Every structure is written in C-alpha cells, then in structure tokens.
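All heavy atoms count here, side chains included; hydrogens, waters and symmetry mates do not. Just so we're on the same page: letters track the sequence lines, and every chain starts at 1. Everything numeric in this text was worked out from a predicted model, so none of it was measured.
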Amino acid sequence: MPELPEVETTLRGISPVLLGRIISEVRVRNASLRWPVTDAVQQACGQLVSSVRRRAKYLLITLDTGGLMIHLGMSGSLRICDGDDQPRKHDHVDIVLDSGHCLRFNDPRRFGLLCWWKAPVDQHPLLRHLGPEPLQDSFSGAYLYQKSRGRRVAVKNFIMDGKIVVGVGNIYASESLFMAGIHPGRAAGRISAARYDALVAAIRDVLERAIAQGGTTLRDFAGTDGKPGYFAQDLLVYDRESAPCFQCGTGIRKKVIGQRSSFYCPKCQV
DNA sequence: CGAGGGACCTGGTTGC
DNA sequence: TGCAACCAGGTCCCTC
C-alpha cells in the first residue's frame, strides 16, 4: 500500500497527536510481523515523544532513551483512536498515550515492522545503507546519472532501489517514468544525463502532488483519520492498462518488470 | 560486485 | 454458488 506520499500523509496525521505526550502503554496483540515485535518495545513506556519524523518509508518516533520505528509494509496503516475502542481485525499493536489517545497499527498482510531503536538511529541496520530522500537537494539528475553508469538493470527497478533513492515505489516509478518519457525497461546505464534531470524533476513533482492530495488510495489505503487519499484520480498510467494515453491516445501497456506490474505508453516512452 | 528470483502474509477479484 | 488461481502499494535475503 504505502509509498512515500502515503507514509508522509500518515506522519502528518500522527505527529500532532504524539508530540509532547508520554507513552503509557504498548499493547502487542500479534507480534508476528515481518520480524517479531520484541519486548524491547516496552522500553517506550513512560517516555516522552520529542519528535516524529520519516526516513524513507520508516516512521521514527523519538523518545528519551531511543525510540520506536514503524514500517507499514504493503498493507499497514496507522489510525488514531480512543484507547478503549474495540480493536478490529488485524489491529496488531496499540501505542497508548497519556492523553487517552491510541495509535493503532493495522496490517492484514503483516509485512510491516515495529521495533525499538537506540540513537544514532541513522546507524540502524535498516537505515544505514539507504540512499538520499527524493525531495532533498542531494538527489539530482547528476547523481542518478553517475550512479547508473555500467548498470544494466531496468531503470524502473533502479529508481525503486532504496540504496539509490528511497521512497519511490511501484506506482510513482511508473508515473514518473511516463512523465519523463522514459521506457521503464530501458537499461539504467543507457540513459543520458539530460533525461535523468527530467526524471528527477518528474519524481519530485509526482511525489509532491501526491502528498498534497493525501496519497493514493487504490484499494485500501487510509490516512490516520480513516479517509482515503485522492491522488488515484490523477494517475496517468498506473492501473490504466488498455486505456488511452493522455498524451497520444495509444493504449497503455502493462508489463511485468522485476516481478512488479509496470504501466507505460509504448509510443511516448522510449 | 550486480542481477534475478523466492520468501514473508491475507484478502479481494477473476475465471472455470 | 464454489473453489482455485492470481494479484496487490515492500524489501530482505539467497543464489548465480
């Protein structure tokens, strides 16, 4: 489900509720996520939330002696509710606050993650090898061009590789490649610097617009208030197989690249 | 080192 | 209607 815009939407929803509060309880109903949720998360109890931020698709809640890290995987979501509310199916973990509010982690497929971390969090094994944030200046066409030399991997897989750049998932990879006029299956090492400039501009543009719309809801993504994201209506190629390209009218194609469905216009993307 | 595929899970949709 | 097959927004880990 969640790519960077959806995680950012979640961050903006949970931040104001968490900041300055003390965690009173961590309830683990089902510990079997991607990695088992260990007792270490209980260290959060009694600690003050001093910041909430995002690195890649990880949410980082900073506490006094460390913090909690959450990843939503493919199907995870967080919602704010009352600590006394009856849990629904797949509500695996509650982070209960001294305000009485509760951050409830729901994840049907259990590809998500919740763990305790100690500073410096950037040295955490899951974060250490991550590439730049796509919305920061260090991410540029020149950077992608340099990183891609000699690489034969399809450019779509290349930009979805978290070691290269974080946060670009399956939807926005297809979208940005269409906007830049680049065929998703083209070898990353055979794309010019100028075209990488266009691709970076497209990635930034699509991510920023998606964040502004509260993310993309295809099936089941919801913000912390339970409302869907509205970017799905702005998608140019994703999930539009056989529909006419908005630029030239040609039917949009669907093709599996790197085991993921990819959508593109065979005429506009070369 | 890079490339490619399997693994982890549940649930909704599709097709016979 | 029933049931099997396939598909889904992520990413780690193994092999070649």
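- The ring of A/F111 lies on top of the base of B/dC8, close enough and flat enough: under 5.5 Å between centres, under 30° between planes.
- As rounded to whole Å, 15 Å separates atom C1' of C/dG10 from atom CG of A/L127.
- When the P atom is compared between C/dG9 and B/dA3, the two are found 22 Å apart, to the nearest whole Å.
- Ion pairing between A/R12 and A/E8 holds under the 4.0 Å rule for side-chain N and carboxylate O.
- For A/S24, there are no side-chain hydrogen bond (donor to acceptor under 3.5 Å, both in side chains) partners, not counting sequence neighbours.
- The distance between atom CG of A/L218 and atom C1' of B/dG11, rounded to the nearest whole Å, is 16 Å.
- Whole-Å rounding puts the A/E241 CD to C/dC7 C1' distance at 13 Å.
- Under the 3.5 Å distance criterion, with hydrogens and angles disregarded, a donor-acceptor pair is assigned to the side chains of A/N170 and A/K156.
- Cation-pi geometry between A/R240 and A/F246 is satisfied (NZ or CZ under 6.0 Å from the ring centre, within 45° of the ring normal).
- In this structure, A/Y172 does not reach the C/dG9 phosphate: none of its side-chain N or O atoms is under 4.0 Å from OP1 or OP2.
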Each base of DNA chain B marked ( ) or [ ] if paired in-strand (Watson-Crick or G-U under 3.5 Å), | if paired to another strand and . if unpaired gives .|||||||.|||||||

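- More than 12 heavy atoms of other residues, nucleotides or ligands sit less than 6.0 Å from atom CG of A/D205.
- Regarding contacts with the backbone of B/dG11, a side-chain N or O of A/H90 is found under 4.0 angstrom from either OP1 or OP2.
- One atom, CD1 of A/I171, and another, C1' of C/dG10, lie 12 Å apart when rounded to the nearest Å.
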Are any protein N/O atoms closer than 3.5 Å to N/O atoms in nucleotides 11-15 of chain C? If there are, list each pair with its distance.
| residue | atom | partner | partner atom | Å |
| --- | --- | --- | --- | --- |
| C/dT11 | OP1 | A/H71 | NE2 | 2.5 |
| C/dT11 | OP2 | A/K57 | NZ | 3.0 |
| C/dC12 | OP1 | A/Y58 | OH | 3.2 |

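- Looking at heavy-atom distances under 4.0 Å, A/S32 makes no contact with the nucleic acid at all.
- Tested against A/D91, the residues A/Q86, A/R29, A/R79 include a single side chain to side chain donor-acceptor pair (under 3.5 Å) partner, A/R79.
- A/D85 meets the salt bridge (Lys or Arg N to Asp or Glu O under 4.0 Å) test with no other residue; sequence neighbours excluded.
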Could you list, one pair per line, each protein nitrogen or oxygen that sits under 3.5 Å from a nitrogen or oxygen of nucleotides 2-4 of chain B, together with the distance?
| residue | atom | partner | partner atom | Å |
| --- | --- | --- | --- | --- |
| B/dA3 | OP1 | A/R152 | N | 2.5 |
| B/dA3 | OP1 | A/V153 | N | 3.0 |
| B/dA3 | OP2 | A/R151 | NE | 2.5 |
| B/dA3 | OP2 | A/R151 | NH2 | 2.6 |

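- Ion pairing between A/K254 and A/D239 fails under the 4.0 Å rule for side-chain N and carboxylate O.
- Remark: A/S75 is not in phosphate contact with C/dG9, judged by side-chain N or O atoms under 4.0 Å from OP1 or OP2.
- Rounded to whole Å, the distance from CZ on A/R88 to C1' on B/dT10 is 18 Å.
- A donor and an acceptor atom, one from each side chain of A/Q47 and A/T65, are located under 3.5 Å apart.
- Residue contacts for A/K163: at a heavy-atom cut-off of 4.0 Å it reaches no nucleic acid atom on any strand shown.
- A/K156 has its NZ atom 11 Å from the C1' atom of C/dG9, to the nearest Å.
- Taking atom P on both nucleotides, B/dG6 is separated from C/dC6 by 14 Å, rounded to a whole Å.
- Geometric assessment of A/R149 against the ring of A/Y145 yields a positive cation-pi assignment under the 6.0 Å and 45° thresholds.
- In this model, a donor atom of one side chain and an acceptor atom of the other lie less than 3.5 Å apart for A/Y172 and A/T216.
- Between A/I257 atom CD1 and C/dG9 atom P the separation is 13 Å, expressed in whole Å.
- Taking Ile, Leu, Val, Met, Phe, Trp and Tyr as hydrophobic and joining them when side-chain heavy atoms fall under 4.5 Å apart, one finds A/L127 in a cluster with A/W35, A/Y58, A/L60, A/M69, A/L113, A/W117, A/V121, A/L126, A/L130, A/V166.
- Atom-to-atom, CZ of A/R110 to C1' of C/dG10 comes out at 16 Å; the value is rounded to the nearest Å.
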